[in-house]
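To start, the structure itself, in C-alpha coordinates.
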Amino acid sequence: ARLSLFPLANVTGRSRGLRWPIDGIEFAPDGRVGTSNRVTGPVELSFDAPGMVALAERGDRRAVRFGLERAGKWPVP
(Lines give C-alpha, C1' and ligand atoms only; values in the text may rest on other atoms or scores of the structure.)
Protein backbone atom coordinates (compact mmCIF):
# COMPACT_ATOMS: atom_id res chain seq x y z
CA ALA A 1 0.00 0.00 0.00
CA ARG A 2 1.06 3.58 -0.52
CA LEU A 3 1.08 6.32 2.14
CA SER A 4 1.89 9.94 1.37
CA LEU A 5 2.70 12.71 3.83
CA PHE A 6 2.18 16.41 3.20
CA PRO A 7 3.15 19.15 5.71
CA LEU A 8 0.96 22.17 6.39
CA ALA A 9 3.60 23.55 8.80
CA ASN A 10 7.27 22.98 9.64
CA VAL A 11 7.38 19.54 11.23
CA THR A 12 9.71 16.61 11.81
CA GLY A 13 8.73 13.10 12.78
CA ARG A 14 9.50 9.45 13.24
CA SER A 15 8.00 6.41 11.60
CA ARG A 16 7.71 2.64 11.82
CA GLY A 17 6.27 0.39 9.15
CA LEU A 18 7.39 2.46 6.16
CA ARG A 19 9.84 1.37 3.45
CA TRP A 20 11.64 4.72 3.73
CA PRO A 21 11.66 6.02 7.34
CA ILE A 22 11.02 9.73 7.85
CA ASP A 23 13.24 10.03 10.93
CA GLY A 24 15.36 13.17 10.75
CA ILE A 25 13.59 14.67 7.72
CA GLU A 26 12.53 18.30 8.10
CA PHE A 27 9.23 18.83 6.29
CA ALA A 28 7.93 22.30 5.39
CA PRO A 29 5.26 23.64 3.03
CA ASP A 30 7.91 25.80 1.33
CA GLY A 31 10.63 23.13 1.40
CA ARG A 32 10.35 19.36 1.46
CA VAL A 33 6.64 19.13 0.83
CA GLY A 34 5.95 15.44 1.03
CA THR A 35 6.84 11.89 0.37
CA SER A 36 5.18 8.96 -1.28
CA ASN A 37 6.09 5.90 0.73
CA ARG A 38 5.35 2.18 0.88
CA VAL A 39 3.75 0.50 3.87
CA THR A 40 5.69 -2.57 5.04
CA GLY A 41 3.72 -3.38 8.19
CA PRO A 42 1.68 -1.67 10.89
CA VAL A 43 2.44 2.04 10.60
CA GLU A 44 3.28 4.25 13.56
CA LEU A 45 3.84 7.97 12.99
CA SER A 46 4.74 10.64 15.52
CA PHE A 47 5.49 14.31 14.94
CA ASP A 48 7.02 17.11 16.99
CA ALA A 49 4.14 19.46 16.18
CA PRO A 50 0.72 19.45 14.51
CA GLY A 51 0.61 20.08 10.79
CA MET A 52 1.16 16.82 8.90
CA VAL A 53 -1.48 15.35 6.63
CA ALA A 54 -1.31 11.61 5.88
CA LEU A 55 -2.93 10.41 2.66
CA ALA A 56 -3.83 6.73 2.24
CA GLU A 57 -5.11 4.94 -0.81
CA ARG A 58 -8.89 4.62 -0.99
CA GLY A 59 -8.97 0.93 -0.01
CA ASP A 60 -6.82 1.56 3.07
CA ARG A 61 -8.87 4.34 4.67
CA ARG A 62 -10.92 1.97 6.80
CA ALA A 63 -7.75 0.46 8.30
CA VAL A 64 -6.37 3.94 9.01
CA ARG A 65 -9.54 5.02 10.79
CA PHE A 66 -9.61 1.78 12.80
CA GLY A 67 -6.01 2.39 13.91
CA LEU A 68 -6.77 5.96 14.96
CA GLU A 69 -9.87 4.87 16.88
CA ARG A 70 -7.89 2.17 18.73
CA ALA A 71 -5.20 4.70 19.63
CA GLY A 72 -7.85 7.06 21.05
CA LYS A 73 -6.99 9.77 18.51
CA TRP A 74 -10.18 9.75 16.45
CA PRO A 75 -12.33 11.65 16.10
CA VAL A 76 -10.11 14.62 16.72
CA PRO A 77 -11.51 16.79 19.57
Side-chain angles (χ1 to χ4, degrees):
R2 193 175 12 202
L3 179 76
S4 296
L5 301 172
F6 187 85
L8 300 177
N10 293 351
V11 63
T12 60
R14 298 180 53 86
S15 65
R16 274 183 53 186
L18 297 178
R19 169 72 173 93
W20 297 282
I22 65 164
D23 302 22
I25 297 175
E26 296 179 8
F27 294 95
D30 62 348
R32 181 173 299 259
V33 293
T35 64
S36 185
N37 216 318
R38 287 268 172 220
V39 173
T40 60
V43 174
E44 293 181 25
L45 299 170
S46 62
F47 298 97
D48 65 339
M52 182 64 80
V53 174
L55 305 167
E57 294 182 83
R58 180 178 218 127
D60 298 323
R61 291 181 187 161
R62 185 173 173 186
V64 170
R65 182 177 176 143
F66 176 74
L68 289 170
E69 288 172 346
R70 286 192 65 196
K73 298 184 187 245
W74 189 267
V76 176

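Since this is a predicted model, take the numbers as computed values, not measurements. FYI, side chains are in, hydrogens and waters are out, and symmetry mates aren't considered; it's all heavy atoms of this structure.
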Could you list all the salt bridge (charged side-chain N to carboxylate O under 4.0 Å, His left out) pairs where at least one residue sits in residues 17-30, not counting sequence neighbours?
Arg14-Asp23
Go through the steps for Leu18 and Leu3 under the test side chain to side chain contact (heavy atoms under 4.5 Å, CB included), then give the verdict.
CA-CA 8 Å; Leu18 297 178; Leu3 179 76; 3.8 Å; yes
Would you say Ser15's side chain and Ile22's backbone share a donor-acceptor pair under 3.5 angstrom?
yes
Going by the rule side chain to side chain contact (heavy atoms under 4.5 Å, CB included), which residues pair with Arg16 if we only count those two or more places apart in sequence or in a different chain?
Glu44
Contacts of type side chain to side chain contact (heavy atoms under 4.5 Å, CB included), residue Ala9, not counting sequence neighbours
none
Check Asn10 against Ala28 and note the closest heavy-atom contact, atom names and distance.
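For Asn10 versus Ala28, the nearest heavy atoms are OD1-CB, 3.1 Å.
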Decide whether Val43 and Trp20 are clustered together by the hydrophobic rule: side chain heavy atoms of Ile, Leu, Val, Met, Phe, Trp, Tyr closer than 4.5 Å, transitively.
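No, separate clusters.
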Distance-only check: which donor-acceptor pairs under 3.5 Å involve side-chain atoms of residues 45-52, not counting sequence neighbours?
from	atom 1	to	atom 2	distance (Å)
Asp48	OD1	Thr12	N	2.9
Asp48	OD2	Thr12	OG1	3.1

